[in-house]
Engineer: 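Here's a structure for you.
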Amino acid sequence: MDAAEAPAWIVLGRTDRVVHAILLDGSAAELGRERVDPARLTSWIADAEARWAPRWVWHDTPQWYGALLADGIRVARCHDLRLCHAILRDSALVDDAAAVRRAVEWDAAPYVDAEDAAPALFELDHAQRPAGPPADADAALDEFLRQRAAVADSPEAGRLRLLIAAESAGALVASEMRAAGLPWDAEAHDRILVETLGERPAGGGQPARLADAAERVRAALGDPAASLDSQPKLLRALHRAGVLVESTSRWELAEQRHPVIEPLLEYKKLSRLLSANGWAWLSEWVADGRFRPVFVPGGVVTGRWASSGGGALQLPRQLREAVRADPGWRLVVADVAQLEPRVLAAMSSDTALAGAARGRDLYAGIVESGAVATRQEAKIAILGAMYGATTGESGRLVPRLRRAYPRAMGLVDDAARVGEDGGAVSTWLGRTSPSPSREWSAAQSRATEAEASGAEETHARRWARDRGRFTRNFVVQGTAAEWALAWLADLRGRLAALPPVSPEHAAPRSGPVFARQAHLAFFLHDEVIVHTPEEHADAAAQAVADAAASAGRLLFGSFPVDFRLDVHIAETALKD
DNA sequence: GGGCTAAGCGCG
DNA sequence: AAAGCGCGCTTAGCCC
C-alpha cells in the first residue's frame with residue numbers, strides 16, 4: 001500500500017479467493033491496483049481508511065460493510081453501486097442515452113443475508129437464489145465510471161451528486177444500525193404483555209385477558225362456539241346476532257351500537273398485540289438486549305426505507321417503553337414535526353406556507369393565516385392535499401388551501417396531472433417515479449378509441465386518477481425521504497466525532513464499533529433514536545438538531561423554511 | 001406441506 | 001368520521 005498519490009476512491013471487488021482494490025484519483029484515473037488476501041481484508045481497509053479516508057466503491061454495502069463492522073471497523077464514506085444504479089437508471093435528470101441505463105446486470109434486488117433469510121430462501125441452491133449485482137472489481141469499476149459519466153453529463157449534476165452521496169451514506173447507516181441494534185428490555189416487554197394480555201399460559205393456549213375478552217364476545221353474540229379469528233365466520237356470527245356490517249374492520253364495527261362491539265374491539269386489539277409483537281416475536285427478534293432489524297435503504301419506490309423481518313417500521317407505540325438504554329446510557333428520541341408539508345413549502349418556494357410553519361406548529365400557522373378554522377381542519381386539509389383527497393371533509397377543505405398556498409398546491413396538482421397523463425415526476429434531487437405498467441397504458445389508449453365502451457372509459461379514468469394520486473404523493477414523500485437521508489448522514493458524522501467513553505462505561509452489547517460511541521439505533525421516516533453515553537446525551541441531542549438544520553440548508557439553500565424537531569433525552573423511547 | 005391472495009392492522 | 005399516499009406482517013382460506 002504505497003500509492004504515490006492519495007486515492008480519492010477505492011473500488012473493491014472480489015472473486016472466489018481474492019479481493020482486488022483499484023485505487024483512483026479524484027478524476028477517477030487509475031493510480032494502481034492491489035490484491036488483498038481476504039483474511040487480511042479488514043486490516044488492509046482499516047489502514048487505508050486511516051491513511052486516506054477514501055470513498056469506498058463497492059457493489060453492495062451490506063455484503064462488504066457487515067463483516068467490517070463485525071470486525072470492529074467503520075468507514076466514513078462509500079458509493080453503493082447497486083443503489084446508485086437504481087437511481088440513475090430511472091432518473092429523468094440523466095440523459096436517455098446514458099450507458100448506465102443499459103447495464104441491466106446491475107438491476108438487482110436488495111441483498112438478503114443468509115442469517116436473516118426465510119428458511120425457504122436459505123434452503124435454495126446457490127444457483128437458484130436471486131442474482132445479486134456483479135461482485136468483481138473490474139465490473140464494479142466499469143459501472144462506477146458509467147455512473148460518474150451519467151452524473152457529469154446531467155444538467156443537474158449537483159443534485160444527483162447529493163442524492164447518490166446521501167443514498168450511499170444511508171446504506172452505511174442501515175448496516176451500522178443493524179450492527180448496533182436497538183436497545184430492547186425484554187423484561188419490560190414481557191411486563192407490558194402480561195399487563196395487557198394476562199400471564200402467558202405455560203401449555204400454550206390464550207392468555208387470561210384475551211380469553212376473557214373472547215368469552216365476553218361469545219356471550220354478547222349468544223354463540224358459545226363463535227370463531228373470532230376467521231373473518232368470514234365472525235362476519236356470519238355478527239349477522240346472526242343482528243350486527244349488519246359488511247366487514248369486520250375496526251372502523252366499521254365502531255359505528256355500530258351493540259353489546260358485542262366493545263369486547264370485540266378489545267379482543268381484536270389484544271389479539272393483534274399477541275400475534276404481531278407477543279412472546280413469539282420477543283424470542284425470535286430480541287437477543288442479548290437488542291432488537292436488530294434489517295433496514296432496506298431505497299426499499300420503497302419513493303426512496304423511503306423498507307425493512308425486512310421483525311416489522312421494524314411498525315413497532316406499536318404500546319411497546320416503546322421496552323426500548324430502553326443500557327445502564328449509564330441514554331436515548332435521544334427525535335422526530336420532525338410535519339416534515340412533508342415543510343418539504344413541500346421549500347420545494348415549491350411557497351413563502352406563505354413556509355412562513356406559516358416557521359418557528360411553530362405548521363397547522364397552527366395555517367389556522368392563524370385564516371385559511372381554515374381549527375388545527376384539526378388544517379391537518380386534514382394538508383393530508384388531503386398531499387394524498388389527493390377528493391371527497392369527504394378533506395376534499396372540501398383542500399380548495400381553501402389552494403387559495404391560500406397556490407404555489408405549494410400548484411406543485412402537487414401538477415405532479416398529479418403528469419401522472420394521470422402517464423408521465424414521470426421527480427423528487428427535488430432527481431429520483432424519478434416508475435413508468436406506468438403496460439396494462440395501464442393499454443387501458444388508457446383503449447379508452448380513447450371511438451368504439452371504447454363506457455365501462456372501459458370509466459375504468460381507465462379511475463386508474464388514471466389512482467396514478468395521479470401516486471405521483472402527487474411521490475414528489476413530496478420522496479423529497480422528504482431525501483431530507484431525512486441528509487439528516488441521517490450529517491448526524492452520523494457528528495455522532496462519530498463525539499469522543500468515545502472510557503471502557504468502564506462501555507455498552508458491549510452494541511458491538512465492537514459502537515460499545516463506547518454514541519450511535520444511531522433506529523430510524524423511521526422522520527424520527528431517529530440515538531443511543532448515547534449519558535455524559536454525551538446533551539451533545540448528541542444538539543447534534544440531532546444541528547444535523548436537521550444542516551440538512552435543510554443542503555437541500556434548500558437559504559430558502560427560509562425550518563424543520564422543527566421534538567427532541568427528548570430519556571431512558572426509554574416512551575413519549576408522553 | 002408450500003404458494004398464493006385478501007383482510008385486517010401496525011407504522012410514517 | 002373514514003375518504004386520500006407509502007409500506008410489512010399475520011392469519012385464514014384456497015389451491016395444488
Side-chain angles (χ1 to χ4, degrees), chain A residues 118-121 123-124 227-235 245-256 264-265 267-278 280-281 284-285 293-296 298-320 335-341 343-344 376-377 379-398 412 415-416 419 425 427 431 433-434 462 465-481 483-484 522-528 573:
Chain A
L121 184 62
E123 286 157 13
L124 286 179
S227 166
L228 308 187
D229 296 323
S230 156
Q231 293 118 352
K233 290 177 187 168
L234 175 59
L235 197 57
V245 285
E246 287 182 16
S247 75
T248 64
S249 61
R250 197 183 40 180
W251 66 265
E252 197 180 351
L253 290 170
E255 290 179 333
Q256 305 293 317
L264 180 53
L265 294 180
Y267 176 84
K268 283 163 126 350
K269 190 175 169 184
L270 300 185
S271 162
R272 163 83 192 189
L273 177 63
L274 177 64
S275 66
N277 295 100
W281 183 92
E284 184 175 358
W285 291 102
V294 180
F295 293 96
V296 185
V300 178
V301 281
T302 59
R304 274 189 173 180
W305 289 13
S307 69
S308 166
L313 308 188
Q314 306 139 252
L315 290 175
R317 305 188 73 81
Q318 225 174 343
L319 289 181
R320 278 181 162 267
D335 70 304
V336 191
Q338 306 106 26
L339 174 59
E340 292 190 352
V343 160
L344 173 58
Q376 184 62 13
E377 280 188 349
K379 187 172 178 177
I380 288 172
I382 282 285
L383 291 177
M386 294 189 308
Y387 294 164
T390 54
T391 63
E393 188 182 3
S394 187
R396 280 196 305 279
L397 289 168
V398 170
V412 287
V425 297
T427 60
R431 196 185 305 259
S433 61
R462 192 174 66 233
R465 289 234 160 89
D466 288 346
R467 186 156 192 280
R469 286 193 303 276
F470 166 65
T471 52
R472 169 190 293 273
N473 187 248
F474 182 95
V475 294
V476 181
Q477 188 184 118
T479 303
W483 182 93
F522 192 68
F523 167 61
L524 180 54
H525 308 319
D526 63 358
E527 172 181 3
V528 295

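In the text below, chain A, chain B and the rest are named by the order of the sequence lines, each starting its count at 1.
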Engineer: Between A:R396 and C:dA3, does any side-chain N or O lie under 4.0 Å from OP1 or OP2?
Structural biologist: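 False: A:R396 side-chain N/O out of range (4.0 Å or more) of C:dA3 OP1/OP2.
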Engineer: May I ask you to check whether A:E252 and A:S247 show a side-chain donor-acceptor distance below 3.5 Å?
Structural biologist: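 On atom types as modelled, these side chains qualify, holding a pair under 3.5 Å.
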Engineer: Take atom CZ of A:R250 and atom P of C:dA1, then tell me their distance rounded to the nearest Å.
Structural biologist: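 Value for this atom pair: 14 Å.
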Engineer: In terms of side-chain heavy atoms of A:S275, which of C:dT10, C:dC9, C:dA1 is nearest?
Structural biologist: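 Of all the options, the side chain of A:S275 is nearest to C:dT10.
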Engineer: Which whole-number value in Å describes the distance from A:N277 CG to B:dC11 C1'?
Structural biologist: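 Distance, rounded to whole Å: 11 Å.
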Engineer: Quick check on DNA chain C: between A:E393 and A:H525, whose nearest nucleotide comes earlier from the 5' end?
Structural biologist: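 Looking at the nearest nucleotide for each, A:E393 comes out on the 5' side.
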Engineer: Measuring only between side-chain heavy atoms, which start at C-beta, is A:K268 closer than 4.5 Å to A:L253?
Structural biologist: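 SC-SC contact between A:K268 and A:L253 confirmed.
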Engineer: Counting the atoms with a prime plus P, OP1 and OP2 as sugar-phosphate, which does A:R304 contact under 4.0 Å by heavy atoms, base, sugar-phosphate, or nothing?
Structural biologist: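 Base contact.
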Engineer: Can a donor-acceptor pair be found, under 3.5 Å and without considering hydrogens, that links the side chain of A:T471 to the backbone of A:G468?
Structural biologist: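 Looks like yes, one N/O pair under 3.5 Å.
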Engineer: May I have the distance from A:Y387 (atom OH) to C:dA2 (atom C1'), rounded to whole angstrom?
Structural biologist: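 Value for this atom pair: 14 Å.
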Engineer: Which part of the nucleic acid, if any, lies within contact of A:L339, taking any heavy atom under 4.0 Å across all strands shown: a base, the sugar-phosphate backbone alone, or nothing?
Structural biologist: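 Nothing, no heavy atom under 4.0 Å.
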Engineer: At under 4.0 Å between heavy atoms, what does A:S394 touch on the DNA or RNA strands: base, sugar-phosphate, or nothing?
Structural biologist: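 The residue A:S394 makes base contact.
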Engineer: Between atom CG in A:L253 and atom P in B:dC9, what is the gap in whole Å?
Structural biologist: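 So the two atoms are 8 Å apart, to the nearest Å.
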Engineer: Base, sugar-phosphate, or nothing: which does A:G395 touch, judged by heavy atoms less than 4.0 Å apart?
Structural biologist: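 Since no nucleic acid heavy atom lies under 4.0 Å of A:G395, the category is nothing.
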Engineer: Nearest to the A:P316 side chain among B:dG12, B:dC11, C:dG8, which nucleotide is it?
Structural biologist: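 Nearest listed nucleotide: B:dC11.
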Engineer: To the nearest Å, how far apart are A:W281 CH2 and B:dC9 P?
Structural biologist: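 After rounding, the reported distance stands at 21 Å.
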Engineer: Which part of the nucleic acid, if any, lies within contact of A:V476, taking any heavy atom under 4.0 Å across all strands shown: a base, the sugar-phosphate backbone alone, or nothing?
Structural biologist: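 Touches nothing.
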Engineer: Could you work out which one of B:dC9, C:dA3, B:dG12 sits closest to the side chain of A:S249?
Structural biologist: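 Among the listed nucleotides, the one closest to the side chain of A:S249 is B:dC9.
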Engineer: Mind checking if A:R317 touches a base, just sugar-phosphate, or nothing, with heavy atoms under 4.0 Å?
Structural biologist: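 Touches sugar-phosphate only.
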Engineer: Starting the side chain at C-beta, find the nucleotide from C:dG6, B:dC11, C:dT11 nearest to A:Q314.
Structural biologist: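 Nearest to the side-chain atoms of A:Q314, counting from C-beta on, is B:dC11.
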Engineer: Among the candidates C:dA12, C:dA2, C:dG8, find the nucleotide nearest to the side-chain atoms of A:S230.
Structural biologist: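 The closest nucleotide is C:dA12.
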Engineer: Nearest whole Å is fine: how far is C:dC5 C1' from A:E340 CD?
Structural biologist: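 About 8 Å, once rounded to whole Å.
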Engineer: I want to confirm an ordering. Mapping A:I380 and A:A389 to their closest nucleotides on DNA chain C, which one lands closer to the 5' end?
Structural biologist: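 In this pair, the answer is A:I380.
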Engineer: Under the criterion side chain to side chain contact (heavy atoms under 4.5 Å, CB included), I'd like the reasoning laid out for A:M386 against A:Q477: C-alpha separation, chi angles, the key distance, then a yes or no.
Structural biologist: CA-CA 9 Å; A:M386 294 189 308; A:Q477 188 184 118; over 6 Å; no
Engineer: At under 4.0 Å between heavy atoms, what does A:Q318 touch on the DNA or RNA strands: base, sugar-phosphate, or nothing?
Structural biologist: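 Answer is nothing: A:Q318 stays at 4.0 Å or more from every strand.
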Engineer: Quick one: is A:R272 getting a side-chain N or O under 4.0 Å of the B:dG10 phosphate, OP1 or OP2?
Structural biologist: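 The answer is no; no side-chain N or O of A:R272 sits under 4.0 Å from OP1 or OP2.
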Engineer: Could you give me the CA-CA distance, side-chain angles and deciding distance for A:R317 and A:E527, then say whether salt bridge (Lys or Arg N to Asp or Glu O under 4.0 Å) is met?
Structural biologist: CA-CA 13 Å; A:R317 305 188 73 81; A:E527 172 181 3; 5.8 Å; no
Engineer: Under 4.0 Å, counting only non-hydrogen atoms across every strand here, what does A:K268 touch: a base, just sugar-phosphate, or nothing?
Structural biologist: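 Sugar-phosphate, backbone atoms only, no base.
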Engineer: Can you tell me the distance, in whole Å, between the CD1 atom of A:I382 and the C1' atom of C:dG4?
Structural biologist: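 These atoms are roughly 14 Å apart.
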Engineer: Any sub-3.5 Å donor-acceptor pair from A:R304's side-chain atoms to A:A480's backbone N or O?
Structural biologist: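 Checking the backbone N and O of A:A480 against the side chain of A:R304, no donor-acceptor pair under 3.5 Å is found.
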Engineer: Taking a pair as Watson-Crick or G-U wobble with both distances under 3.5 Å, which nucleotide is matched to C:dC14?
Structural biologist: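 Its partner is B:dG3 (Watson-Crick or G-U wobble, both distances under 3.5 Å).
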Engineer: Between A:T248 and B:dG8, does any side-chain N or O lie under 4.0 Å from OP1 or OP2?
Structural biologist: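 So the side chain of A:T248 is within the cut-off, an N or O lying under 4.0 Å from OP1 or OP2 of B:dG8.
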Engineer: CZ of A:F523 versus P of B:dC11: gap in Å, rounded?
Structural biologist: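 Rounding to the nearest Å, CZ of A:F523 and P of B:dC11 are 17 Å apart.
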Engineer: Determine which nucleotide pairs with C:dC5, using a 3.5 Å limit on both distances of a Watson-Crick or G-U wobble pair.
Structural biologist: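 Partner of C:dC5: B:dG12.
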Engineer: So what does A:G299 touch, heavy atoms closer than 4.0 Å: a base, only the sugar-phosphate, or nothing?
Structural biologist: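 Nothing: the residue A:G299, judged by heavy atoms under 4.0 Å, touches no strand.
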Engineer: Evaluate side chain to side chain contact (heavy atoms under 4.5 Å, CB included) for A:L234 paired with A:L264, printing each intermediate quantity in order.
Structural biologist: CA-CA 10 Å; A:L234 175 59; A:L264 180 53; 4.2 Å; yes
